[in-house]
Amino acid sequence: MRLLRARPTAVGPNQVAGVMSLCALQPELGLALAGQISRWDRWGSGDVVVLGRPARPEAAAWSTGSLLPLGLAPRPGTGHEGAGRGGARALAEHAGARLTRNGSVAGPRSDVAAVWEHLEGAGLRAREARWVQPVLRAPDPPGGMLPAALGRRGLEWVARGLRRAVPALTHLVLPASVDMFTAELGYDPTSAGGSYARHVSWLVETGRTYVLLDDGRGGPARAGAPARVVFKADVGALWRPVPGRGWGAAQLTGVWTHADLRGQGIATVALAAVVDAVRRDHVGRGGSVSLYVNDFNTAALGLYRGLGFHRVGTYATILL
């Protein structure tokens, strides 16, 4: 492992081919960074940095109010050696002043651990540390996931009702998103201004939110009648197929089921339908659909295991 200490180099949107190649070494682990970079066509100086040569970086990061590090630690089986403790220290020095309250340090656990050692040594304190977040990839059976998930559950209305949200439904999606976020992170994201609501709207407008509506009593929604969102999932990070690569990758986030309907199999059918829809709409057949989950969330782990998701790595998230 390298011990040299190098200053991070800022890169712009036209200099990220090397970063994307680093992300592609393990797509499910590099997707958060790749998706964040792919979302924007411009950013501020120092928001995206690399260690080493931009064309073939040793490590890279998105560094704003939150930090997404990648490549600091070695990647067994890929030939990637990592940037070493010196690189991790240099990235920590760059990122430390940029991190904000309610920000986070998130990514592959080994990379988060490498940079957090130096951030914590410089006096930064965590509100909560989630060190074991299994990264799970969905299976890709012939015919999709939905037929097996549906089975004999008698939930055909769920399969028929799962849809991509449209802007006219944003007023129903936002309360569900806020409920999910508050339960997951411990505070109401709308209390800090309008940025979270704008993010929810952006996900809907770009076709990256999938929802199930019901009639308020656990039955199918009817046209013209009051409805509510009872299941949702977002494509939080997306890497669309490009010529020569042949695959795309999507990371699901914000998976949520209304408390009234948990334990009835609705999430099993709805999530299977989401995975099939994301492959159809975004990443193509053979594309990767993954998510990550806290190791203490036994109900979610049981749901994903029952659907055939398999573990491909581990994330960690430090909440500030």
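Just so it is clear, the values below take in all heavy atoms, side chains as well, and ignore hydrogens, waters and symmetry mates.
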*Asks:* Taking all non-hydrogen atoms of both residues into account, name the closest pair between Pro134 and Val293 and its distance.
*Replies:*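 That would be CD-O, 2.9 Å.
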*Asks:* Supply the members, apart from Tyr187, of the Ile/Leu/Val/Met/Phe/Trp/Tyr cluster built from side-chain contacts under 4.5 Å; use none for a lone residue.
*Replies:*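 Its cluster partners, ordered by chain and number, are Val166, Leu169, Leu172, Val173, Leu174, Val178, Met180, Phe181, Leu185, Tyr196, Val200, Val204, Val211, Leu213, Val229, Trp256, Leu319.
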*Asks:* More than 12 heavy atoms of other residues, nucleotides or ligands under 6.0 Å from CH2 of Trp202: yes or no?
*Replies:*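 Yes.
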*Asks:* Only pairs at least two apart or in different chains count here, so list each ring pair (Phe, Tyr, Trp, His ring centres under 6.0 Å) that has a residue in residues 145-165.
*Replies:*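 Residue pairs with at least one partner in residues 145-165: there are none.
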*Asks:* Considering residues at least two apart in sequence or located in another chain, which fulfil the ring-ring contact (aromatic ring centres under 6.0 Å, His included) criterion with Phe309?
*Replies:*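 With sequence neighbours excluded, Phe309 shows a ring-ring contact (aromatic ring centres under 6.0 Å, His included) to Tyr304, given in chain and number order.
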*Asks:* Going by salt bridge (Lys or Arg N to Asp or Glu O under 4.0 Å), name the pairs with one or both residues in residues 101-116, residues two or more places apart or in two chains.
*Replies:*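 Residue pairs with at least one partner in residues 101-116: Arg75-Asp111.
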*Asks:* Please tell me if the side chains of Val235 and Tyr210 come closer than 4.5 Å, counting only heavy atoms from C-beta onward.
*Replies:*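 Yes, side chains in contact.
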*Asks:* Please check if Val283 and Leu146 belong to a single hydrophobic cluster, counting links between Ile, Leu, Val, Met, Phe, Trp and Tyr side chain heavy atoms closer than 4.5 Å.
*Replies:*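 Same cluster.
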*Asks:* Arg163: which residues meet the salt bridge (charged side-chain N to carboxylate O under 4.0 Å, His left out) condition with it, sequence neighbours left out?
*Replies:*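 None.
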*Asks:* Among all residues two or more places apart in sequence or in another chain, which pass the side-chain hydrogen bond (donor to acceptor under 3.5 Å, both in side chains) test with Asn102?
*Replies:*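 Asn102: no side-chain hydrogen bond (donor to acceptor under 3.5 Å, both in side chains) contacts found.
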*Asks:* Mind checking what makes side-chain hydrogen bond (donor to acceptor under 3.5 Å, both in side chains) contact with Ser38, not counting sequence neighbours?
*Replies:*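 Residues passing side-chain hydrogen bond (donor to acceptor under 3.5 Å, both in side chains) with Ser38: none at all.
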*Asks:* Any chance you could measure Thr209, atom OG1, to Asp234, atom CG, to the nearest 0.5 Å?
*Replies:*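 Separation between the atoms: 4.0 Å.
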*Asks:* Would a 4.5 Å heavy-atom cut-off, applied to side chains only, mark Cys23 and Leu31 as touching?
*Replies:*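 No, side chains not in contact.
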*Asks:* Step by step, would you call Val275 with Leu252 a side chain to side chain contact (heavy atoms under 4.5 Å, CB included)?
*Replies:* CA-CA 9 Å; Val275 173; Leu252 302 181; 4.2 Å; yes
*Asks:* Could I get the full list of ring-ring contact (aromatic ring centres under 6.0 Å, His included) partners for Phe231, not counting sequence neighbours?
*Replies:*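 For Phe231 there are no ring-ring contact (aromatic ring centres under 6.0 Å, His included) partners, ignoring immediate neighbours.
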*Asks:* Asp215: what forms a salt bridge (charged side-chain N to carboxylate O under 4.0 Å, His left out) with it, not counting sequence neighbours?
*Replies:*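 Result, salt bridge (charged side-chain N to carboxylate O under 4.0 Å, His left out) vs Asp215: Arg217, Arg222.
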*Asks:* Side chains of Pro13 and Trp43: closer than 4.5 Å at any heavy-atom pair?
*Replies:*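 They are in side-chain contact.
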*Asks:* One pair to check against side chain to side chain contact (heavy atoms under 4.5 Å, CB included): Thr100 and Leu320. What are the steps and the verdict?
*Replies:* CA-CA 7 Å; Thr100 59; Leu320 305 178; over 6 Å; no
*Asks:* Side-chain contact, heavy-atom cut-off 4.5 Å: Pro139 with Met145?
*Replies:*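 The answer is yes, as the side chains (C-beta and beyond) meet within the 4.5 Å cut-off.
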*Asks:* Going by the rule side-chain hydrogen bond (donor to acceptor under 3.5 Å, both in side chains), which residues pair with Arg130 if we only count those two or more places apart in sequence or in a different chain?
*Replies:*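 Arg130: side-chain hydrogen bond (donor to acceptor under 3.5 Å, both in side chains) contacts with Glu128, Glu184.
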*Asks:* How far does CG of Leu136 sit from OG of Ser290, to the nearest 0.5 angstrom?
*Replies:*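 Here the rounded value is 8.5 Å.
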*Asks:* Before you tell me yes or no, could you show the steps for Arg208 and Asp281 under salt bridge (Lys or Arg N to Asp or Glu O under 4.0 Å), namely the whole-Å CA-CA distance, both residues' side-chain angles and the distance that decides it to 0.1 Å?
*Replies:* CA-CA 9 Å; Arg208 290 169 58 163; Asp281 298 337; over 6 Å; no
*Asks:* Is there a side-chain contact between Val274 and Val255 (heavy atoms, below 4.5 Å)?
*Replies:*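 SC-SC contact between Val274 and Val255 ruled out.
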*Asks:* Answer yes or no: are there more than 12 heavy-atom neighbours, outside Arg56 itself, under 6.0 Å from its atom CZ?
*Replies:*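 Counting neighbours around CZ of Arg56, 12 or fewer heavy atoms of other residues, nucleotides or ligands fall under 6.0 Å, so no.
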*Asks:* Could you note down all residue pairs passing salt bridge (Lys or Arg N to Asp or Glu O under 4.0 Å) where residues 185-206 supplies at least one of them, sequence neighbours left out?
*Replies:*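 Salt bridge (Lys or Arg N to Asp or Glu O under 4.0 Å) check on residues 185-206 returns no pairs.
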*Asks:* Other members of the hydrophobic cluster containing Val312, with the 4.5 Å side-chain heavy-atom rule, please.
*Replies:*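 Leu29, Val135, Tyr292, Tyr315, all in the cluster of Val312.
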